[in-house]
Amino acid sequence: MKETLQRLDEKPEFEYFAIHYRAPDGKKKFKVPDDDDGERINAIERYYEKNESDLRIPTQSIPEGDKTQALLNYNYDKFSELFTKRHQIAFAKLLENAKNINDQQVSESLITTISSTIEYNSKLCKWSTRNGGYGGHTFERHAYIPRVQPVEGNPLAEEGLASVRNFFENKTLSAKEYCQHPFEKVKNTETGEVKKHLIQGEKVSEDRLLSLKSKTSEKLDEDDETVDYIITDPPYYDNVQYSELSDYFYVWLREVLQDEYEEFEPELVPKAREIVANSSANKGEDFFVESLTNVFSESHRVLKKDGELIFTYHHNENEAWSVILEAIIESGFTVAGAYPVQSEMPNNPHISDLDNAEYDIIIFANKEDTDEDITLEELRQNLYFELQDMIDEERQRHENLSTADLGVILRGKSMYYYSKHYPNVYTDDEQVGIGEVLDTVDAGVEQALENTVDLPKGIDPITQAYAALYQRGNEGYDDLNKHLLAKNLNVSDLEDEKLVKGPRDKKEPMTADERIHFIEGKLNSNGDDGNELLDIDRVQYLYHLYKTDQNTTEYLKEWKSDDLEELAEFMADVSGDERYENVMDMTLQQF
């Protein structure tokens, strides 16, 4: 569809083909639009043409960006085009009526409610078959996703996810009730049941608020060493383009709030200083690290000597983890620990149809003083014994702690030892960079957990990870991802190499037979030198040639090495197939 629209230079057009409604007997049903429905649609068209100039409908053009490009690819030019004419009329009138309420607090509460409702009412919403079926919401993937068969929600309905009434009763009123009766949710670790526990004698009220500011965290107003804790939620590298997505709501809010607040004077959300990695804005890793370091440095300045910086982080790409650790350590912090906690429920649309992590990592950092110089080898040796003790302690504290979760905890503690010495870690009188230290830390964690394979260091990391999974057999996405995190890899690295398959709850290694066409494609695209081949590619290709009675001489002559022989021996042991090992024993004289 996208290619056709681009070729014709046209925007998407849609026809109504079904109406979802609740019948008098209470049951939800579908119907084909009839003549009366067609006349209502035509009446809306006529009303829109007659009154468009009087309606407060956004006119901003969609800018180029990492996320907005998906809209431009479908020839959408303006944000208003993401909404049907019926939606444009409804939201223009709803916001205008809310704006005209005399009580400012009530007015702006309703404006906020209506703004939230907009997420469930656009041409970017699709039909969801979950729970009997309903219209989904725009940002279920933290992205703009043009739909071929969109669902037009009804914000004026008496019920339903897309209705203003639903958002008012379940969001706005619930928030106000929480302010009057705040509570904590406590989960029973044995039954999984979650209960609310009211906090007696507490209220969330304006007189309890010290201050609330909307400004950059790169320059804080507080004096040096005056803050006990900083709890923050930093941007997830390139994972969520907050300002690009916020424009969707901002353009509507601006229509009714620009005269009240100077923050709504710009046509779109300001983006220049947003701390994200964004290729469209020429914001790469260096910008992200430098900007986040500025924020963490300010946090370090205002924290008391015994204060703590606490934040959660969530990302599938390990490059994102490396840069945030770099920013923490360069800011003068010592990483005190890292702990995995569940962040997304398994049925959440952000992960249910995609292989995304269900957990966040909570990171604790403090201002503990730096220790004296240390060599990388001393760091490695010290870590090994410390990690052994930690494993025993964590196992006693948490009986059901998985090996993968334990690996995350150990990695966080290992970063504590590195950050305590940073930057004074040396090899042969030269300072060691964070990348090399991370590799050493990861190897130490693997060794302590005995979750690694006994293969030479020269074997590439992806092959090492695949071999470890082959040894374990299979595991769920999250556990596999946590294991890979300790190798500075993630599940997508293995999937890109066709090394892992299966549904979310059971990821398992792909066999040589399943990968052979992929390996042959690599060989064909790179000639016969195999520069882009992994070590496991070479072993599995030799295995394939051997079992199909083909000549292996050419490849053995080029590839055979002590490291590859050890890998072949390992694969023979874990697979029970001696042909992996036999092919490496063949001599050139046999041909």
Side-chain angles (χ1 to χ4, degrees), residues 40 43-44 46-60 78-80 82-122 137-139 152-183 201-215 242-243 245-270:
R40 291 188 182 95
I44 285 291
R46 293 192 296 270
Y47 181 92
Y48 186 91
E49 291 175 5
K50 182 179 179 180
N51 298 280
E52 181 182 5
S53 59
D54 298 325
L55 295 170
R56 302 183 72 165
I57 296 171
T59 59
Q60 290 93 323
K78 298 180 180 296
F79 281 100
S80 59
L82 304 180
F83 304 88
T84 66
K85 291 179 180 178
R86 186 153 46 183
H87 277 152
Q88 292 180 43
I89 295 169
F91 286 116
K93 287 185 170 293
L94 283 167
L95 289 168
E96 182 68 25
N97 289 337
K99 170 68 176 175
N100 291 334
I101 294 174
N102 290 329
D103 188 307
Q104 185 179 10
Q105 287 192 350
V106 173
S107 170
E108 293 182 358
S109 290
L110 288 174
I111 288 172
T112 303
T113 303
I114 296 164
S115 173
S116 298
T117 312
I118 290 173
E119 185 173 2
Y120 277 81
N121 293 276
S122 79
H137 59 97
T138 299
F139 295 117
E152 183 185 29
N154 183 0
L156 304 179
E158 290 294 315
E159 61 175 324
L161 288 176
S163 69
V164 174
R165 178 186 290 272
N166 170 62
F167 275 81
F168 180 76
E169 292 177 350
N170 293 298
K171 300 286 187 178
T172 307
L173 281 184
S174 294
K176 294 298 183 183
E177 289 171 358
Y178 177 86
C179 289
Q180 295 299 313
H181 306 287
F183 58 84
E202 277 285 1
K203 283 187 178 181
V204 181
S205 55
E206 190 172 350
D207 62 322
R208 298 294 304 276
L209 179 66
L210 179 61
S211 66
L212 182 64
K213 302 173 183 178
S214 175
K215 61 189 297 291
Y242 300 93
S243 61
L245 303 184
S246 296
D247 281 334
Y248 174 89
F249 303 97
Y250 178 90
V251 295
W252 284 101
L253 289 171
R254 185 177 182 272
E255 291 298 317
V256 289
L257 295 177
Q258 60 182 309
D259 295 334
E260 302 292 333
Y261 299 97
E262 62 181 18
E263 288 82 1
F264 283 95
E265 288 179 5
E267 287 285 317
L268 297 170
V269 175

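Computed from a prediction, not measured in an experiment: that's the story for all the values here. The residues of the chain are indexed from 1 along the displayed sequence.
In this structure, the side chain of Gln60 engages the main chain of Glu267 through a donor-acceptor pair within 3.5 Å. Lys99 places a side-chain N or O within 3.5 Å of a backbone atom of Val256 that can act as its donor or acceptor partner. A donor-acceptor contact shorter than 3.5 Å links the side chain of Thr112 to the backbone of Glu108. One N or O on the side chain of Ser107 and one on the backbone of Ala98 form a donor-acceptor pair closer than 3.5 Å. Arg86 places no side-chain N or O within 3.5 Å of a backbone atom of Asn154 that could act as its donor or acceptor partner. Between the side chain of Arg165 and the backbone N or O of Leu156, no donor-acceptor pair lies under 3.5 Å. For Ser80 (side chain) and Thr59 (main-chain N/O), no donor-acceptor pair under 3.5 Å exists by modelled atom type.
Rounded to the nearest 0.5 angstrom, Lys78 NZ and Ile57 CD1 are separated by 12.0 Å. Going from atom CZ of Arg254 over to atom CD of Glu265 covers 8.5 Å, rounded to the nearest 0.5 Å. Rounded to the nearest 0.5 Å, atoms CG (Leu161) and OG1 (Thr117) are 11.0 Å apart. In this structure, CD on Glu260 lies 8.5 Å from CD1 on Ile111, to the nearest 0.5 angstrom. Within the model, atoms OG of Ser163 and CZ of Phe168 stand 12.0 Å from one another, a figure rounded to the nearest 0.5 Å. The CG atom of Leu212 sits 10.5 Å away from the CD atom of Glu206 when rounded to the nearest 0.5 Å.
The shortest non-hydrogen separation linking Pro182 to Cys179 is CD-O, 3.8 Å. Closest approach of Val106 and Asp103 over heavy atoms only: N-OD1, 3.1 Å. When all heavy atoms of Tyr250 and Glu263 are compared, the pair lying nearest together is OH-O, 3.4 Å. Across Asn121 and Ala162, no two heavy atoms sit closer than the pair ND2-O, 3.0 Å. In terms of heavy atoms, Arg56 sits closest to Trp252 at O-CZ3, 4.0 Å. Minimum heavy-atom separation, Glu152 to Thr84: OE2-OG1, 2.7 Å.
For the pair Thr172 and Phe167, the minimum side-chain heavy-atom distance is 4.5 Å or more.
Using cut-offs of 30° and 60° on the angle between ring planes, the pair Phe91 and His87 is tilted.
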When you look at Tyr261 and Leu253, which way does the side chain to side chain contact (heavy atoms under 4.5 Å, CB included) test go after all the steps? CA-CA 11 Å; Tyr261 299 97; Leu253 289 171; over 6 Å; no
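Between Tyr248 and Phe79, a ring centre-to-centre spacing not shorter than 6.0 Å is recorded.
Within 6.0 Å of the NZ atom in Lys50, the count of heavy atoms belonging to other residues, nucleotides or ligands does not exceed 12.
Under the side chain to side chain contact (heavy atoms under 4.5 Å, CB included) criterion, Ser205 pairs with Asp207, Arg208, not counting sequence neighbours.
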